[in-house]
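Remember, predicted model here, so these are calculated numbers, not experimental data.
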Amino acid sequence: MKSNNPIFARSEAFNGTSSTNAHGNQTYAGGGQPYPGYGQTTTDPAYGDPSQWGTGTPGDVRSEARMTIDSVVQKTAITLAVVIAFAAATWYVTGDVITEDAFGGQSVNEDMIGKLYLAMMIGSFGAFGLSMVNSFKRVISPALVIAFAALEGVALGAFSKFIGLYVGDTGIVLQAVLGTFAAFAGTLAAYKFFNIQVGNRFRTFVVAAMFGMVALGLLEMVLGMFGNQIGFFGFGGMGLLFAIGGLVLGVFMLILDFDFVENGVKAGLPESESWRAAFGLTVSLVWIYTNLLRILAIFSSD
């Protein structure tokens, strides 16, 4: 099965470029089914004679653990924990942006505003760069996935605090977090109960839309440097439409993630691919959270 999702497209095992599965059996391209199968006769004495079976050597595919639902859940939990930890740390380090004087008046701490912007820019660009590396890296690197999660946490912590201060209600951050996990649970339930089948056209559409929204976001940033903005990241009608579109796209991205995990487990991918699945799920959840937070902020500011 060939994946058009750039996050999963570099997985050789998932895309059928590997000639063996996790048990060392020959596979059909993309099918993940062993040949010869279990219980079938083979001329290889290592399989026919139990006395010749060994524990495997380093690099032997047969000695490597397989990806499971549990391994994906564990890796995803670790990645999300890093995101949350760095987001909370960024929120704390940036301090109080609004301060009160002895007479009860309030003022904006410009130094803290500068820290928020700096953290947001460093985290955003750093996470974007590592997301591109992780997406197109043939062999997934757990260290780079964790580094991405840390930088993403820095960006989310600053972004969440800035949005909360803009609308004067930091409670929408918790609402967005709860809404994100609700979207995850709802999408997973729909995927399983309705037996959603992911086709190539759907994959192509989701990936194209994802890169399209990223390109529009970069265009908005470039135009903003020259004082001209379209309003994609604003709090008006255009910003609301862009955020709703991003939220729907994030749900579609989750469906692609679920499809990768389901088919990867069936194909017997190596356990290291659990990190690729964790990375994909984290990207989708962050995408949903940021757009949902913007939607809540727009409605709160009206």
Side-chain angles (χ1 to χ4, degrees), residues 1-22 26-35 37 66-69 71-73 75-76 131-132 134-140 180-217 241-270 272-292:
M1 178 179 294
K2 177 67 175 177
S3 174
N4 291 324
N5 190 330
I7 295 177
F8 306 132
R10 304 305 291 176
S11 174
E12 293 181 350
F14 182 72
N15 290 298
T17 57
S18 177
S19 60
T20 58
N21 66 5
Q26 186 176 354
T27 61
Y28 296 110
Q33 297 299 321
Y35 177 81
R66 291 185 297 172
M67 182 176 81
T68 64
I69 297 296
S71 68
V72 172
V73 171
K75 304 303 188 296
T76 304
S131 68
M132 292 295 100
N134 287 323
S135 295
F136 295 101
K137 202 172 187 299
R138 188 172 297 275
V139 178
I140 193 68
T180 299
F181 285 103
F184 175 85
T187 305
L188 179 59
Y191 179 82
K192 297 300 293 183
F193 293 154
F194 295 104
N195 193 24
I196 297 177
Q197 301 297 317
V198 177
N200 288 330
R201 289 186 178 180
F202 180 77
R203 289 192 185 94
T204 302
F205 165 76
V206 174
V207 174
M210 180 177 63
F211 278 109
M213 293 199 73
V214 171
L216 289 175
L241 290 176
F242 197 74
I244 292 176
L247 178 61
V248 173
L249 181 58
V251 171
F252 290 164
M253 290 164 60
L254 272 181
I255 293 176
L256 292 188
D257 298 335
F258 297 152
D259 178 71
F260 170 77
V261 173
E262 182 178 33
N263 287 284
V265 171
K266 289 179 180 178
L269 297 189
S272 58
E273 288 298 309
S274 299
W275 284 106
R276 194 183 304 274
F279 168 66
L281 287 167
T282 302
V283 170
S284 299
L285 289 174
V286 167
W287 190 293
I288 291 174
Y289 169 78
T290 53
N291 285 282
L292 183 56

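Here the shortest heavy-atom pairing between Val72 and Ala277 reads CG1-CB, 4.0 Å. Annotation for Ile288 and Ala183: closest pair CG2-CB, 4.2 Å, computed over non-hydrogen atoms.
Arg276 has its side chain out of reach of Leu269: every pair of non-hydrogen atoms, C-beta onward, lies at least 4.5 Å apart. Within the 4.5 Å cutoff, the side chain of Phe242 has heavy atoms near those of the Met213 side chain. Looking at Phe252 and Thr187, their side chains never come closer than 4.5 Å, going by heavy atoms from C-beta outward.
Side-chain atoms of Trp275 never come within 3.5 Å of backbone atoms of Lys75 as a donor-acceptor pair (strictly under, hydrogens ignored). Of the possible donor and acceptor atoms, none in the side chain of Ser71 sits under 3.5 Å from a partner among the backbone N and O of Met67.
Taking OG from Ser274 and CZ from Phe279, the interatomic distance works out to 15.0 Å, rounded to the nearest 0.5 Å. Between Asp257 atom CG and Thr282 atom OG1 the span is 9.0 Å, to the nearest 0.5 Å. From Thr290, atom OG1 reaches atom CG of Leu285 across 10.5 Å, with rounding to the nearest 0.5 Å. With rounding to the nearest 0.5 angstrom, the CE atom of Met210 is 12.0 Å from the CZ atom of Phe205. A distance of 5.5 Å separates CG of Leu256 from CZ of Phe202, quoted to the nearest 0.5 Å. Put simply, CD1 on Ile244 and CG on Asn291 are 10.0 Å apart, with the number rounded to the nearest 0.5 Å.
Evaluation of the salt bridge (charged side-chain N to carboxylate O under 4.0 Å, His left out) test over residues 186-197, restricted to residues two or more places apart or in two chains, returns Lys192-Glu262.
Ring pair Phe184/Phe258 is perpendicular by interplanar angle, where above 60° counts as perpendicular and below 30° as parallel.
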